[in-house]
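These numbers were taken from a predicted model, which means no experiment stands behind them. The chains referred to below are lettered A, B, ... by the order of the sequence lines, with proteins before strands, and numbering in each begins at 1.
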Amino acid sequence: MTTKLEMDRRQFVVSTAIVGGGMAFGLAVSPDAAAQQVNRQPWLPPTEGGIDISPWIVIGGDNSVTIRVNQSEMGQHVFTSNAMMICEELECDWSTVRAVYADANRHFRENRVYGRMATNASASVREGRVIYQAAGASVRERLRMAAAQEWNVPVADIEAKKSILTHRPTGRTLTYGQVAARAVAIKLDKEPEIKTADKFTLIGSRVQPLDIELKAFGQATFGIDVRLPNMLYAAIRQAPYGGKLKSFDFDAIKSRAGVHSAVPMEGIAEFGGIAVVADSWWRAKTALEVMPIEWDPGPNAKLGSKDIFDAFKKKLGEEGPGVVNDGDFAAAIRAAAKTVEGDYEASYQSHSRMEPLNCTAQVTANRVDVWLGTQGPDGNVTSAANLTKVPMENVYVHNCFLGGGFGGRGGSGEVEQAVTIAKTLNGRPVKMLWSREEDTRHENRYHPGGMARFRAGLAADGTPTALLIRRAHDVYNSPTNLPGMKAPAVANSIRGLHLLPYGIANYRLESHDVKSFVPTGSWRATGTGYTIFFLESMIDEMAHAAGKDPLAYRRQLINAARADQFEDATAKADWLRALDMVEKMSDWGKPLPKGTGRGVAMFDRRAIPPRGITVTAVVAQVTVTKAGQIVLDRFDFVHDFGQAIINPNAVERQIRAQIPWTIGAAMNQEITFSNGRVVEGNFDDYPMFRMSDMPKEINIAFMKSNRWIAGAGEELVPPLAPAFCNAIFAATGKRIRSLPVRNHDLSWA
Amino acid sequence: MFTLRVNGKAHNVDVELDTPLLWVLRDTIGLTGTKYGCGVSECGCCTVHINGQAKRSCVTPAGSVVGAEVTTIEGLVENRSHPVLSAWIEEGVPQCGYCQPGQIMAVTALLNRKPKPTDADIDRDITNICRCGTYAEIRKAIHRASALIAKG
């Protein structure tokens, strides 16, 4: 249902004022907003006007450059890193660079011009870099040609630097802004080559994010902050999973101050339920709380965590489909001198983003506008169009700052719900906001729980000769790929286990998909968040059984691995190098007092080519008090740098910040179910990591390598939890086989 | 109808007296820098100053602050060179940025009381949640702000 609009570039410059950005309503913009590098309403450009020289680039008359970013800003500073990739090639003056979201509406009007608009899978740089560099290089060449035309000189004599075009023989100059109008009409015969990493001058420098001041000053507009004239507010409650709304008694609340209406939300799958609309959110929420509602609880009404985990346990006792079958596990385990075995368990997790999910919508007969922070604005256009039958060309998603993403924001029902409510309001806009409790109890995309059994056989010298890992898990987005899988992506429930980095001759991986009633979805690092907890803990158990140092044991096993167990030619050497580096920097082997221990773990993302890898190694050091209290002493990280990292400043922050995310979850977080519902509701029973939990010391070392790394926002989530739990074992002798750790008594005498 | 003093200005508001101050600030007065995170005083996203003290506005009934001076992030930002704001920018603290106004209000109140906080003071006093996990940068920014204040 997309219509490709054929517009020449000049025409677009004119029409963009009407349709681009799609603001039909004036939101109040403070006078200082114009001075910002990113508009406080990031779907709007920081400065009006300019020459729309490319879908990605606008050159202002003031010689500023506004870069359109097709990814969502959720804390990873994507406005800055993506703008840097264009600026690198465009040779513009960084101090004049501004950034704005690419418009999902234009994306559809112009034949999906912005490519991949979803922000997930660490892909912003990995999949965007070449496109961004090419866009910048192309415009630079057009600007050079425009200057050559202006002066009637050979283009080879024109240098582009810091937004200035210089005619080398004469020293004459023009600014980008002065020639942009002419450059619009120029078409290149051949697109220029993009720079290789050794030519970078901006990429790799420590750049202050463009939006840092907006965020520090509380001026960034998150979805929850959108305010429109005549706007109503909605609070919602969603139906139990598998159930539906039976009845509600609006009469009981309609006389309350400010209450407008109650809207059943139906026909939107697991997102259905009931909304109360009022003139303020607080009035809507408090009215909803007292409105009598009857639910048809559906078939899951009696189910709870025990049922889910009992089903996993039952499957652990059954031989499963063999996903990997290297050598002959059965024979090798019989021949083993020693065996080690155990069952592992990981809990369900919620995203619990600081900004609860929300969406503001306005629906008229021929136009739909939605405002929200979303990881998938293009998908939101499609959903809103489908629900309203308004053509996609008339659907506008105004992407806001995201108060946390971490997987699935924008795709958890917010748009479907807000549009459903707005359809009943005769064109009035409505802001639909989930309470924290709704966000915890019905987030629609839980990180699924699961289990893993392992059985390892060791030779007399401790060398592993046989390993079985049997998974039984809730289904993560998609079922496990079965034998013969060379699928584009390995299922999240087994990724990281499908191709070990260790040389173990007889390896069998089995996987049982055990679907529960809980809707699941992507969480930071997806399935590797638990598969690597299992694997790296199991390796530690094997090292212990072998009587070997766990770090040295890993070195031995990596050395024993075949080259084809690693993604690229240098990866095996890089694993060993990372291990050496982390050994040195963490003072590995240096004696520690009783109650203090170190643990190590590694990972490289184990993706299927060409998605790439990021080699990481972690050593955690913890102290466990006699009372069983855990203190985080120190974390040492080795992180692949590849050929280049766009902004090391931003990446270091991501590295440090994965401690609170991962250790917070491993230590304390668990979503449980009872009577078909989530038990936990707020941060009192789903506790968050806080300042006082932070380790005293964090060290980061980057490791240069030949590859372009796969990503940097979630690479440490997989190895952090096992390094932490291995450290607890070293400190106490207690092996953590189930998460969260708080369920274990760690006291010692 | 009653009157609240926010950032030095009087606002007549027509809401129930038990409406949490947070929602009056955000939805009635339109100051959206103060954020909603939990509604039960756990996360601190909604931190404002009431007569200079850090308070969580999600559990503060609006009617209880009649006559008091309420300061929000918008009030603090009127002085763009405030040492806490400068430190926050120099350290590049925010990731997603959502919790940061609350963090800044909590830190400002701490530094007003205790211009040279120790790490233990910070651990005890700054209990706001940051889901992005910017705690290391927040701590550095607090010490930097403390140094800026000492320099005057």
Side-chain angles (χ1 to χ4, degrees), chain A residues 28 73-77 208-209 211-222 224-227 233 257 280-283 286 351-356 401-406 433 435-437 649-650 653-654 656-661 664 682-684 688-694 696 698, chain B residues 15-16 18-20 22-24 26-28 30-40 42-43 45 72-74 76-77 80 84-85 88-90 92-102 104-105 119-120 122-139 141:
Chain A
E73 172 45 41
M74 49 204 211
Q76 80 286 46
H77 299 310
Q208 175 81 301
D211 51 11
I212 213 79
E213 188 175 297
L214 274 187
K215 288 173 175 175
F217 287 11
Q219 293 173 339
T221 304
F222 296 86
I224 197 174
D225 300 328
V226 168
R227 290 169 61 80
Y233 296 79
S280 81
W281 187 72
W282 185 252
R283 283 175 170 170
T286 46
H351 293 82
S352 296
R353 311 161 183 98
M354 291 314 299
E355 180 196 9
F401 285 98
L402 281 65
F406 310 121
L433 167 66
S435 67
R436 170 57 58 196
E437 288 76 11
N649 233 355
R653 280 159 171 65
Q654 288 295 314
R656 282 193 285 270
Q658 285 172 81
I659 298 172
W661 179 269
N682 210 316
F683 299 132
D684 48 355
M688 291 286 132
F689 192 102
R690 297 180 196 245
M691 176 75 81
S692 56
D693 299 319
M694 278 298 276
K696 295 182 202 81
I698 304 169
Chain B
V15 299
E16 291 74 27
D18 63 354
T19 306
L22 168 66
W23 298 106
V24 180
R26 289 182 54 82
D27 290 351
T28 312
L31 296 171
T32 55
T34 307
K35 304 301 187 199
Y36 167 60
C38 69
V40 296
E42 276 281 335
C43 76
C45 283
T72 68
I73 186 75
E74 289 87 352
L76 196 79
V77 166
R80 295 175 75 89
V84 174
L85 296 174
W88 238 251
I89 288 162
E90 285 163 20
V93 175
Q95 288 193 17
C96 89
Y98 189 78
C99 74
Q100 299 296 337
I104 286 171
M105 297 310 286
D119 279 336
I122 293 168
D123 283 350
R124 199 169 38 244
D125 216 88
I126 305 304
T127 57
N128 296 36
I129 297 169
C130 173
R131 187 67 164 139
C132 296
T134 63
Y135 300 115
E137 290 76 26
I138 291 173
R139 189 188 301 278

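Rounding to the nearest 0.5 Å places CG of B:Leu22 at 9.0 Å from CH2 of A:Trp281. The CG atom of B:Asp119 sits 9.0 Å away from the CE atom of A:Met691 when rounded to the nearest 0.5 Å. A distance of 12.5 Å separates CD1 of A:Ile659 from OH of B:Tyr135, quoted to the nearest 0.5 Å. Atoms CD and OG1, on A:Gln654 and B:Thr134 in that order, are 11.0 Å from each other to the nearest 0.5 Å.
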task = Quick one: do A:Met688 and B:Glu42 satisfy side-chain contact (heavy atoms from CB on, under 4.5 Å)? Show the steps, please.
result = CA-CA 9 Å; A:Met688 291 286 132; B:Glu42 276 281 335; over 6 Å; no
key: Worked check of side-chain contact (heavy atoms from CB on, under 4.5 Å) between B:Thr19 and A:Arg283   = CA-CA 9 Å; B:Thr19 306; A:Arg283 283 175 170 170; over 6 Å; no
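Between A:Met354 and B:Cys96 the shortest side-chain heavy-atom distance does not fall below 4.5 Å. With a 4.5 Å cut-off on side-chain heavy atoms, A:Phe217 and B:Ile89 count as touching. Looking at heavy atoms from C-beta onward, B:Trp23 lies out of side-chain contact with A:Ser280 at the 4.5 angstrom threshold. You'll find the side chain of B:Glu137 reaches within 4.5 Å of the side chain of A:Arg656, heavy atoms only. Between B:Glu16 and A:Thr286 there is no side-chain heavy-atom pair separated by less than 4.5 Å.
A:Arg227 places a side-chain N or O within 3.5 Å of a backbone atom of B:Asp27 that can act as its donor or acceptor partner. Judged purely by atom type and a 3.5 angstrom limit, B:Tyr98 has no side-chain atom pairing as donor or acceptor with the backbone of A:Arg353. Formation of a donor-acceptor pair under 3.5 Å by the A:Asn682 side chain with backbone atoms of B:Cys38 is found in this model. A donor-acceptor pair is defined here as one N or O able to donate and one able to accept, closer than 3.5 Å; such a pair exists between the side chain of A:Arg653 and the backbone of B:Gly92.
Chain B forms the most heavy-atom pairs under 4.5 Å with one residue out of A:Pro356, A:Pro209, A:Ala257, and that residue is A:Pro356. Top candidate by heavy-atom pairs under 4.5 Å with chain B, chosen from A:Trp282, A:Phe689, A:Phe406, is A:Trp282. Of the listed residues (B:Leu85, B:Ile126, B:Val24), the one with the most heavy-atom contacts under 4.5 Å to chain A is B:Leu85. Most heavy-atom pairs under 4.5 Å with chain A, from the set B:Gln100, B:Arg131, B:Gln95, B:Arg139: that is B:Arg131. Looking only at heavy-atom pairs under 4.5 Å with chain A, the residue among B:Arg124, B:Glu90, B:Arg26, B:Glu74 that has the most is B:Arg26. Across A:Glu73, A:His77, A:Met74, the residue that shares the most heavy-atom pairs under 4.5 angstrom with chain B is A:His77.
With a 4.5 angstrom heavy-atom cutoff, A:Glu355 touches chain B via backbone and side-chain atoms both. Only the side chain of A:Gln208 comes within contact range of chain B, with at least one heavy atom under 4.5 Å from a heavy atom of that chain. Contact annotation for A:Leu402: only backbone heavy atoms (N, CA, C, O) come within less than 4.5 Å of a heavy atom of chain B. For A:Gln658, no part lies near chain B; criterion is any non-hydrogen pair under 4.5 Å. With a 4.5 angstrom heavy-atom cutoff, A:Ala220 touches chain B only via backbone atoms. In this structure, no portion of A:Leu214 lies under 4.5 Å from any heavy atom of chain B. Contacts between A:Phe401 and chain B at a heavy-atom distance below 4.5 Å are absent for every atom of the residue.
Smallest separation of non-hydrogen atoms from B:Cys132 and A:Ala657: O-CB, 2.9 Å. The two residues A:Glu437 and B:Tyr36 come nearest to each other via the heavy atoms OE1-OH, 4.5 Å. Of all the heavy atoms in B:Pro94 and A:Lys215, the pair that sits closest is CB-CB, 3.8 Å. Listed here is the closest heavy atom pair of B:Gly133 and A:Pro660: CA-CG, 3.7 Å.
Of the charged side-chain nitrogens involved, none lies within less than 4.0 Å of a carboxylate oxygen, so that A:Arg690 and B:Asp123 do not count as a salt-bridged pair.
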